[in-house]
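Side-chain atoms are counted along with the backbone in the values below, which use heavy atoms only and exclude waters and symmetry mates. So that the names make sense, note that chain A is the first sequence line, chain B the second, and so on, each numbered from 1. Small disclaimer: the values here were computed from a predicted structure and weren't measured.
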There are 2 protein chains.
Amino acid sequence: MTDTGDDHGPTFERTPELAVDPPAETARERIAGAVDRGDMVTVFGRCRVEYDGRAKSTLGPGDRLLVLKPDGTALVHTDEGHQPVNWQPPGSTHEVGLDDAQLHIESRRTGPEEYLEVTFESIEYVTTVDVTDPEDLSLSGTEEDLRERVLESPGLIEPDFEPLATERSTPAGAIDIYGEDSENRAVVVELKRRRVGPDAVGQLDRYVDALARDLHADREIRGILVAPSATDRAQELLAEKNLEFVALEPMPGEE
Amino acid sequence: MTDTGDDHGPTFERTPELAVDPPAETARERIAGAVDRGDMVTVFGRCRVEYDGRAKSTLGPGDRLLVLKPDGTALVHTDEGHQPVNWQPPGSTHEVGLDDAQLHIESRRTGPEEYLEVTFESIEYVTTVDVTDPEDLSLSGTEEDLRERVLESPGLIEPDFEPLATERSTPAGAIDIYGEDSENRAVVVELKRRRVGPDAVGQLDRYVDALARDLHADREIRGILVAPSATDRAQELLAEKNLEFVALEPMPGEE
DNA sequence: AAATTAATGTCGCAC
DNA sequence: GTGCGACGTTAATTT
């Protein structure tokens with residue numbers, strides 16, 4: 001099992017293990033070993049899936065791809081969709097066994113207690129491989145980018161807008177940008193990276209309310225929603241609640 | 001290439017194709033063919049990933065699993081996490097090619113225009129397989145279950161609560177359950193399958209407001225949030241806005 | 001661990 | 001297609 005390095009191939013390369021149409025027992029061995037080593041595993045075959053935890057689900061027989069990650073994540077993917085049809089979050093522990101001669105994988109976690117069970121009637125393939133990924137994703141166009149854009153050019157909100165704090169906490173949560181306008185009125189700015197609906201207006205309204213109580217002053221407080229655009233309903237709600245809107249993209253030049 | 005059925009194996013079984021450490025050109029052929037056939041593809045290897053669309057991202061070299069689904073979904077999974085580090089939604093079209101002798105997979109979609117590019121420096125394995133999954137997931141413990149529970153036993157809300165409509169539309173959206181109490185006051189019920197925070201209170205409040213305008217009557221309107229539990233802040237907001245709370249689990253017997 | 005919010009959220013449904 | 005809300009949302013951050 002353990003390679004002592006006396007073979008011909010380059011021992012530096014990780015050699016993935018692949019098995020086509022393996023018997024259940026062979027699959028069990030491979031997967032159990034890989035899970036112990038912390039390898040990533042994929043299993044493709046006809047399976048049933050049971051889940052019980054925050055909700056409860058059953059999935060009858062069909063062809064799916066099961067992915068087991070070294071961090072304890074389990075994913076069951078069908079032929080369709082971005083989302084796995086069933087899954088288990090990182091930190092779960094997987095048990096691999098045979099149940100009535102069928103490959104059976106159980107995954108558990110606590111807090112909340114959740115349980116996932118995948119039983120394979122047939123196995124088309126199993127792969128296992130060691131994984132290392134040192135890189136972090138570099139992402140732009142987020143709400144954070146929009147915040148930086150406003151802080152660098154407060155005039156994008158309106159002339160003489162002066163940011164005073166980010167993440168200013170109120171009893172209702174943190175205000176994205178807190179500042180003052182040219183008349184020294186308090187301004188609550190809520191940022192959204194994309195077109196907003198009624199929920200964003202409600203959020204801004206909560207912050208303005210909370211700040212009013214927090215300052216317990218008669219000072220007028222303005223609320224400004226900053227986003228690329230707003231739906232009709234969002235605009236009506238803004239008007240009803242005397243809140244304002246400023247159209248702004250997270251990235252400059254995105255029109 | 002096309003099997004005319006004169007071989008020895010059972011031609012009824014789909015035979016997945018697996019390749020270990022394939023040259024880029026072999027991988028390109030296999031993947032291109034599989035994408036054309038509508039097979040599911042997995043590629044594992046060291047790759048870089050670029051994305052541009054609603055946002056923009058770059059990911060330097062590392063070992064990842066790429067999954068291409070017959071519906072046009074693309075997923076790039078690292079060794080960690082439930083979420084793919086990069087992806088492309090269903091309906092995207094994939095192009096497979098060689099770029100400077102490296103396997104290069106481009107995926108595009110429109111509406112919004114988005115672009116994903118995965119370039120493999122090395123390939124540990126490629127798998128392709130035909131997929132069929134006739135089954136639908138059967139899920140319980142959802143908000144829908146909670147609604148049914150309330151409609152079957154309206155007394156769980158309060159004695160003599162009478163549901164009159166579900167999904168009753170208002171200018172602000174649909175009310176989960178609209179009904180009347182023992183005093184013929186209008187009641188807006190908002191259901192949540194799990195513990196609620198401030199956002200749920202805001203939602204209920206919007207519906208109550210909208211209904212008040214819609215009925216344009218002086219009739220008092222009650223708003224009741226029904227969920228397993230509520231956070232402190234949510235409870236304070238409920239009190240401020242004169243809304244009510246009823247503790248209820250989506251599934252009976254879940255405490 | 002609980003609370004709150006962002007997300008390339010995705011997904012489904014109604015219009 | 002847009003709008004709106006649910007989701008076993010997940011993930012990150014802070015308390």
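Taking every nucleotide of DNA chain C with any atom under 4.0 Å from a non-hydrogen atom of chain A, the first and last of them, 5' to 3', are C/dT5 to C/dC11.
Within 3.5 Å, no donor on the side chain of B/Glu167 pairs with an acceptor on the base of D/dG5, nor the reverse.
When side chains are defined from C-beta on, B/Asp176 counts as touching B/Glu143, because their heavy atoms get closer than 4.5 Å. At a threshold of 4.5 Å between non-hydrogen side-chain atoms, the residues B/Ile224 and B/Phe161 do not count as touching. You'll find the side chain of B/Arg147 reaches within 4.5 Å of the side chain of B/Thr166, heavy atoms only.
A side-chain donor from one of A/His104 and A/Glu106 sits under 3.5 Å from a side-chain acceptor of the other. Defined by atom type and a distance below 3.5 Å, a donor-acceptor pair is missing between the side-chain atoms of A/Gln88 and A/Tyr51. Between the side chains of B/Arg195 and B/Ser229, at least one donor-acceptor pair of N or O atoms lies under 3.5 Å. With no hydrogens or angles considered, a side-chain donor-acceptor pair links A/Thr127 and A/Thr42 at under 3.5 Å. A donor-acceptor pair shorter than 3.5 Å can be found between the side chains of A/Asn86 and A/Ser57.
The side chain of B/Arg193 contributes an N or O atom lying less than 4.0 Å from OP1 or OP2 of D/dT9.
Look at the P atom in both D/dC4 and D/dG8: the space between them is 23 Å, to the nearest Å. Rounded to whole Å, the P atom of C/dT4 lies 23 Å from the corresponding atom of C/dT8. Comparing the C1' positions of D/dA11 and D/dC7 gives a spacing of 15 Å, expressed to the nearest Å.
Across the protein-nucleic acid pair, B/Asp176 atom CG and D/dA6 atom C1' stand 10 Å apart, rounded to whole Å. Distance A/Asp136 CG to D/dA11 P: 15 Å, rounded to the nearest Å. Atom CZ in A/Arg54 sits roughly 8 Å away from atom C1' in D/dT9 (whole-Å rounding). Across the protein-nucleic acid pair, A/Tyr51 atom OH and D/dG8 atom P stand 8 Å apart, rounded to whole Å. Rounded to an integer number of Å, the gap from CZ of A/Arg194 to C1' of D/dG5 is 12 Å.
For the segment residues 138-148 of chain B, residues with any heavy atom less than 4.0 angstrom from an atom of DNA chain D are, sorted by number, B/Leu139, B/Thr142, B/Glu143.
Take the nearest nucleotide of DNA chain C for A/Gln203 and for B/Pro89: the residue whose nucleotide is more 5' is A/Gln203. Taking for each of A/Asp199 and B/Glu80 the nucleotide of DNA chain D with the nearest heavy atom, the 5'-most of the two is the partner of A/Asp199.
Nucleic acid contact class of B/Pro250 (heavy atoms, under 4.0 Å, all strands): none. Note on A/Lys192: only backbone sugar-phosphate atoms sit closer than 4.0 angstrom, heavy atoms only; bases stay farther off. Within the nucleic acid shown, A/Glu190 comes within 4.0 Å of sugar-phosphate atoms alone, with no base atom in reach, counting heavy atoms only.
The neighbour count for B/Glu95 CD, taken as heavy atoms of other residues, nucleotides or ligands under 6.0 Å away, does not exceed 12.
For the atom pair B/Ile221 CD1 and B/Asp209 CG, the distance stands at 9.0 Å (nearest 0.5 Å). Rounding to the nearest 0.5 angstrom, the gap separating the OG1 atom in B/Thr58 from the CD atom in B/Glu117 is 9.5 Å. Atom CD of B/Gln235 is separated from atom CG of B/Leu243 by 13.0 Å, given to the nearest 0.5 angstrom.
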Output one line per pair: protein atom, nucleotide atom from nucleotides 1-4 of chain D, and distance, for all N/O pairs under 3.5 Å.
{"residue": "D/dG3", "atom": "OP1", "partner": "A/Arg195", "partner atom": "NE", "Å": "3.4"}
{"residue": "D/dG3", "atom": "OP1", "partner": "A/Arg195", "partner atom": "NH2", "Å": "2.3"}
{"residue": "D/dG3", "atom": "OP2", "partner": "A/Arg195", "partner atom": "NE", "Å": "2.6"}
{"residue": "D/dG3", "atom": "OP2", "partner": "A/Arg195", "partner atom": "NH2", "Å": "3.4"}
{"residue": "D/dC4", "atom": "OP2", "partner": "A/Thr231", "partner atom": "OG1", "Å": "2.7"}

